[in-house]
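Reviewing the structure listed below.
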Amino acid sequence: MCSVDFDESSDLLADATAVLLQTLSRLTDADARGPSLLPGWTRGHVITHLARNADGLARLAGSAVTSVPAVMYSSREVRVDDIEAGAGRPADELRADLASASQAFAEVLAVLTPQQRRHEVDNQGTVMAVEALPWLRLREVTLHLVDLDLGVGCEAIDTAVRSRLLAGLRSRPSFADAPPVELVATDTAGRWHVGPREQAGAPPTQASTAGDPLDHEVTVSGSEAQLLAWATGRSTGAGLSVDPAGPLPVLPGWG
């Protein structure tokens, strides 16, 4: 996971949440029952997942205040059951639930002291500092807004967030065995590497700089939005170019 600033991530999260809720303001009951971009999930599933994700992150953040250990979800089965149970609700209930859960998480973040932000929590088997939680939530809100398939694509994502998401690809467990690929953004000149690579002196999530030697098999070029949509499994890669010429490499699932 790429290193991000707590305050900056919290501000970006507030903006992204406002966009999410505004987008959902026109959601109808029929829309809520319609398919999302995630296989097997309706929009109601995605919205319920986002609400329960906020609850879980609020529990983790709250443990820094109370010093009482907390878990994101009591079990994987409970997580699945909660999403299924809430997915079929009317649009008004889905919106209200998400707004309330998002606000509760924001309120916990707002009262954390610098010391409490450094408090470590167990996030589903991964130990991390509470200060990382706003970024985790921002990632969920940003990508799942796209998954709702309500006319908001990766091009609408804040440029700083897009870049961080691309920089963080290589640290995702599901990308551990990804083929070596260099991603080149034609609109921002950003460059990122996915797949096995040795780069002395640089963290694995750092974007490569001009002239930095890369051990890659193919280069995939396009706008940042196009690259992010493809790399996270939210597009087939239409509009991207490959060098040397050929089919797009197959990347792992977002996971």
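As the structure is a prediction and not an experimental result, all values here were calculated from the model. Numbers here are sequence positions counted from 1. Quick note: numbers below take in every heavy atom, side chains included, and nothing from hydrogens, waters or symmetry partners.
Here R95 pairs with D92 under the side-chain hydrogen bond (donor to acceptor under 3.5 Å, both in side chains) rule; sequence neighbours left out. Remark: N123 pairs with L60, M72, M128, L136 by the side chain to side chain contact (heavy atoms under 4.5 Å, CB included) rule, at least two apart or across chains. Not counting sequence neighbours, the partners of E8 by the side-chain hydrogen bond (donor to acceptor under 3.5 Å, both in side chains) test are R164. Listed by chain and residue number, D31 satisfy the side-chain hydrogen bond (donor to acceptor under 3.5 Å, both in side chains) test with T28 (two or more places apart in sequence, or in another chain).
The hydrophobic clustering, which links ILVMFWY residues whose side-chain heavy atoms are closer than 4.5 Å, places L145 and L27 together. With hydrophobic clusters built from ILVMFWY side chains whose heavy atoms lie under 4.5 angstrom apart, V184 does not share a cluster with L240.
Every pair tested for ring pair (Phe, Tyr, Trp, His ring centres under 6.0 Å) that includes a residue from residues 75-122 fails, sequence neighbours excluded, so the list is empty.
Taking 4.0 Å as the cut-off between side-chain N and carboxylate O, D7 and R117 count as a salt-bridged pair. Note on E182 versus R191: salt bridge recorded, some NZ/NE/NH1/NH2 to OD/OE distance being below 4.0 Å. Checked for salt-bridge contact, R43 and D147 miss the test: no charged N lies under 4.0 Å from a carboxylate O.
The cationic group of R79 lies under 6.0 Å from the six-membered ring centre of Y73 and within 45° of the ring axis, placing it in a cation-pi geometry.
In this structure, the separation between CG on L228 and CG on L169 is 7.0 Å, given to the nearest 0.5 Å.
Between R162 and T188, the side chains place no donor N or O within less than 3.5 Å of an acceptor N or O (distance only, hydrogens not considered).
Side-chain N or O atoms of S171 include one that pairs as donor or acceptor with a backbone N or O of G168 at under 3.5 Å.
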Pairs under 3.5 angstrom only: tabulate donor-acceptor contacts from the side chains of residues 32-41 to other protein residues two or more places apart or in another chain.
| from | atom 1 | to | atom 2 | distance (Å) |
| --- | --- | --- | --- | --- |
| S36 | OG | L38 | N | 3.1 |
| S36 | OG | L38 | O | 3.4 |
| S36 | OG | W41 | O | 2.8 |

